[in-house]
Every structure is written in C-alpha cells, then in structure tokens.
Amino acid sequence: MPMFQPSKNGGFDGHILDLHTAVKDGVLGGGDGKFLVVVTDEKKKLDLKEMISELELPEIPSVFICPISLEPMQDPVTLCTGQTYERSNILKWFNIGHCTCPTTMQELWDDLVTPNKTLHQLIYTWFSQKYVLMKKRSEDVQGRAIEILGTLRKAKGKAKVHALSELKQVVMAHAIAKKTVVDEGGVFVISSLLSPFTSHAVGSEAIAILVNLELDSDSKAGLMQPARVSLMVDMLNDGSIETKINCARLIGRLVEEKGFRAELVSSHSLLVGLMRLVKDRRRRNGVSPALTLLKSVSVHKQVRNLLVRIGAVPQLVDVLPCLDVECLESALFVLDSLCLESEGRIALKDSVNTIPHTVRLLMKVSEKCTNYAISILWSVCKLASEECSSLAVEVGLAAKLLLVIQSGCDPALKQRSAELLKLCSLHYSDSMFISKCKLTRTIQ
C-alpha cells in the first residue's frame, strides 16, 4: 500500500513515498541512505502507543501526524481521496454524519478505509529507533551516575569535590540520573558529607545535588540534624548566589516536613541571610526562594519575634514596590503574620512606607494581595486609629475600599473593607469623609 508525502501546505499532494524514499529523504536513518532496522523478538515487540507516550520529541515528521487530531498515528488508514488518517479519528468523523474527506472536503465516492501498512511500518520503525536510542542513553546515564557514586564513596579532598561536581552536572541534565542516585542510596552518601567540618566547596556541590532530588521522609529527617542545618545557614550567608538559593530551597523543603522543629530556623543568622537575598537589587533570582522560605517559617511565633528584632518589617515594606506578583503575595503574607505580634504591629505603624505602599497595592495586583494588605492596614489603623487612619485616607484608602466593596471579590474581604472604612470615618465629618471617598485621585 503506498503512502502519500505531505505537501508544502500541510496536506498531501499524492506523491507516493515508500520505505526506500523515506530513508533516502531523511525521514528514517538521518538521510544518508542508511536504514536502522530495529529487530525485536515477537514476544518483546515494542508497543507503539507506549513508545509515543514515553518519548517527548520536539519534532515529529508531519507525514506521521493525523490531520484531524494532530497527534502521531498508530493505525493509519487511507481514504479513496488518497488522504491518510488515524482510524479512530476518521471513523468518529463518519459517525457524526460527515461523508467528506476532512482535509480536501471532497465528497467521498467510496467510504472504504484501507489500512496503510507501509506508513504504519514507517511510523513504527521511526519511533522504535528513537525509543531504543533513548533507552540506551538512559542506561549510559544510569551507569555513569552509579560509577560516580562509587567514586564518591572513596574520594577525598579535591577528588571528592570533582566527583560531586560531575554528579551535579549529570543529575541536572538527566531525570533518570536523579532517580538512579536516589535508588542507589546516593542521598545518604551525599548527606553524610554535610558536617560542621565540611568545606564550603564540598557543601555547595552536595546541596546543589540534594535540592534536585526527590527526598523521602527519612532523608529529610537526616538532613534536619542541627549540625547540617547550621552548615546550610552558614553557606546561605557566605556562599555564591547559586549556593544561597539552593540552601534556601533545601531548608524550605525541610520546613514542610511533619517533624520539623521551629528552633532549627529560629536563627538570627538564617533570617539575616534571607533578608539580604530579598534586598539584593543586583541579583533578583534569590528574592523568590528567600521570601518563600520566610513565608514558611513566619508561622512560628519565635521566628516572628526574631524577624521584628532584626528590623525585617521596614526592610520588607520598602521592597514591596520592586516585587512581582508571586513575591508580593509572600512578602505581604509575612508582614500580615508579623501583625500577630504586638511588636510587629508597632514596627509596621512606625515604618513610614507601610500605609502608602499597602494602599497602593489594593485592587491592583491580586485578590490575595488585597486581602493581606487590608489585614495589615486594619492592624495598623486599629493600633493608632487617629494617626494612621488619617494618613491612610489622605493617600486614597477610602476610595480604594469602596472599590473593594463594590467588586466581585470574597464576601469576607468586603466585610473587612467595610469595617476598615467605618474605622477611618470616625475622625471626619460626614461631608469631609464623602469628599475623601471620591474616586478621581484613585483612578488617576
């Protein structure tokens, strides 16, 4: 059975394409006329559907694609017009009442569908080649990962750093290598390298590998040893930007674990290091992991008190205008959490930018941001009603709150906005407050 070569417009122009032509033209074997035959035992024959689902290929020859589903064909059939489709797709086309060819829209003079065995063989062979090659590469990568782990178990000094660096490259380049390292006990081997006497050269490479692996509860429990967390904190302060980011992410994964103890992150050094990342204006790629970790640890009372004492409140408030949506939500979550502490509320009231920066965010970024901002403003205005409410109204809070109340957001948020609006109105006459609620300034 002949198959049809795709035309430039994406359809088929009726030119017959046989296996020899396919190989010659480069559809199979690389275009040099060589044909890679995949020989398989009938019992071990590769399943085409499985191969297609496992292979993640950026480009597939257009002749293999069904014009209806735009997916690779597994059971190609040809119509009387010469167009080829996936059997299940063309039968669905017929079942809904069509008597035409989907590509050409010609009326069919014969509704017979003929299996395109040549194309099926071509598709099967092409995917088999890619699949076998992928499996071979996977085996090579697995073997290399196991070999490096073996070297790592015995290596000392510079050889250890070199082995870790090589393993990091393999792990970051191949998903199969990550699984291999975990399956071969590599997490324990790498974690055991982290101790109070570990050099930063070894520690940074080890953490770069660990942060890219799937860690189970036992692995995380091993990493939660105080000495290991202490090493991560040291490197978060003194390492390269990449090492700082990896330390923040790894500690963040440990914080999520059930048995995590708050005292492990109630560290002046850790919080100072994270705030340095947040404030770093030259290297912004550390801001998100730092704020994500701050968000996770700010649920602990001792961490909140420590954050206030190191001056985190005005620092976080001052960076708000520079943050993207995701980072803004994290930063506002932290500031809202600090409102749970009396010292936190006082620090927010005393920060000159708290009210103008948070009012500016209302109804401007996301509902989450608006929710956190209103909660912060409520805490501050409740603490010093006359002083803070007046300032908030002067920078446009009343008009913004009216927008929130009239929007389609969460009813609880509307209720909190109404309460805050009422609190702000206490220090104005009715006519004066109504004039403050005009939307002109807000809209501008």
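Residue numbers start at 1 and run along the sequence shown.
- Atom-to-atom distance recorded for Ser417:OG and Leu401:CG is 5.5 Å, nearest 0.5 angstrom.
- Residues passing the salt bridge (charged side-chain N to carboxylate O under 4.0 Å, His left out) test with Glu257 are Lys220, sequence neighbours excluded.
- Contact of the Met232 side chain with the Leu223 side chain is registered, since non-hydrogen atoms from C-beta on lie closer than 4.5 Å.
- Between Cys322 and Arg281, some side-chain heavy-atom pair lies under the 4.5 Å cut-off.
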Item to complete: Go through Thr354 and Lys349 one step at a time and tell me if the side-chain contact (heavy atoms from CB on, under 4.5 Å) criterion holds.
Response: CA-CA 7 Å; Thr354 297; Lys349 178 187 79 69; over 6 Å; no

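- Between Phe64 and Phe127, the ring planes are tilted. Angles from 30° to 60° get that label.
- Summarising the geometry, atom CG belonging to Leu307 is positioned 10.5 Å from atom NE2 belonging to His268; distances are rounded to the nearest 0.5 Å.
- The heavy-atom pair separating Pro321 from Val317 by the smallest distance is CD-O, 4.0 Å.
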Discussion item. Using the rule given for side-chain hydrogen bond (donor to acceptor under 3.5 Å, both in side chains), can you reason through Asp75 versus Ser88, listing the C-alpha separation, both sets of side-chain angles and the distance that settles it, and then say yes or no?
Written reply: CA-CA 8 Å; Asp75 185 9; Ser88 60; over 6 Å; no

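- Counted within 6.0 Å of NZ on Lys382, heavy atoms from surrounding residues, nucleotides or ligands total 12 or fewer; the atom is thus considered open.
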Worksheet item: What do the steps show when you test Thr103 against Tyr85 for side-chain hydrogen bond (donor to acceptor under 3.5 Å, both in side chains), and what is the final call?
Response: CA-CA 10 Å; Thr103 301; Tyr85 303 93; 2.7 Å; yes

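- A heavy-atom distance below 4.5 Å is not found between the side chains of Glu419 and Leu423.
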Worksheet item: Which is it for Arg276 and Val272 under the side-chain contact (heavy atoms from CB on, under 4.5 Å) test, yes or no, and what are the steps along the way?
Response: CA-CA 6 Å; Arg276 281 185 190 143; Val272 167; 3.8 Å; yes

Practice prompt. Go through Ser390 and Glu394 one step at a time and tell me if the side-chain hydrogen bond (donor to acceptor under 3.5 Å, both in side chains) criterion holds.
Written response: CA-CA 6 Å; Ser390 301; Glu394 288 303 315; over 6 Å; no

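- Here Cys247 contributes atom SG and Met235 contributes atom CE; the two are 4.5 Å apart, rounded to the nearest 0.5 Å.
- In this structure, Arg345 contributes its side chain and Leu383 its backbone to no donor-acceptor pair below 3.5 Å.
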Practice prompt. Show your reasoning for whether side-chain contact (heavy atoms from CB on, under 4.5 Å) applies to Leu338 and Ile376.
Written response: CA-CA 9 Å; Leu338 296 180; Ile376 292 165; over 6 Å; no

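- Sorted by first then second residue, the ring-ring contact (aromatic ring centres under 6.0 Å, His included) pairs that include residues 354-398, not counting sequence neighbours, are Phe333-Tyr372.
- Atom-to-atom distance recorded for Ser267:OG and Leu271:CG is 6.5 Å, nearest 0.5 angstrom.
- Taking each heavy atom of Asp410 and Glu367 in turn, the nearest pair found is N-OE2, 3.1 Å.
- The side chain to side chain donor-acceptor pair (under 3.5 Å) contacts involving residues 186-200 comprise Ser195-Thr198, where partners must be two or more places apart or lie in separate chains.
- Glu329 is linked by a salt bridge (charged side-chain N to carboxylate O under 4.0 Å, His left out) to nothing, counting only residues two or more places apart in sequence or in another chain.
- The shortest heavy-atom contact between Lys244 and Leu236 is CG-O, 3.0 Å.
- Within 6.0 Å of CD in Glu326 there are 12 or fewer heavy atoms belonging to other residues, nucleotides or ligands.
- Here the shortest heavy-atom pairing between Ile65 and Pro72 reads CD1-N, 3.9 Å.
- Among residues at least two apart or in separate chains, there is no salt bridge (Lys or Arg N to Asp or Glu O under 4.0 Å) pair with a member in residues 284-299.
- Under the side chain to side chain contact (heavy atoms under 4.5 Å, CB included) test applied with Leu397, the options Leu420, Thr358, Ile355 reduce to a single match, Leu420.
- Note that OG of Ser351 is 10.0 Å distant from CD of Gln315, once rounded to the nearest 0.5 Å.
- Looking only at distances, no side-chain donor or acceptor of Glu214 sits under 3.5 Å from a matching main-chain atom of Val182.
- Atom-to-atom distance recorded for Leu332:CG and Asn371:CG is 10.5 Å, nearest 0.5 angstrom.
- Across all their heavy atoms, Pro76 and Ile123 have their closest contact at CG-CD1, 4.4 Å.
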Worksheet entry | Test side-chain contact (heavy atoms from CB on, under 4.5 Å) applied to Leu167 and Ile190, step by step | CA-CA 10 Å; Leu167 185 59; Ile190 298 163; 4.0 Å; yes

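- Residues in residues 334-344 take part in these side chain to side chain donor-acceptor pair (under 3.5 Å) pairs, two or more places apart or across chains: Lys301-Glu341, Arg304-Glu341, Asp336-Ser375.
- Side chain of Arg253 to main chain of Val211: a donor-acceptor pair is present (N/O by atom type, distance under 3.5 Å, no hydrogens or angles).
- Of all heavy-atom pairs spanning Thr180 and Gln142, the tightest one is OG1-CG, 3.2 Å.
- Under 3.5 Å, the side chains of Asn246 and Ser204 contain no donor-acceptor pair of N or O atoms.
- Of the possible polar contacts, one joining the Thr370 side chain to the Met363 backbone as a donor-acceptor pair under 3.5 Å is found.
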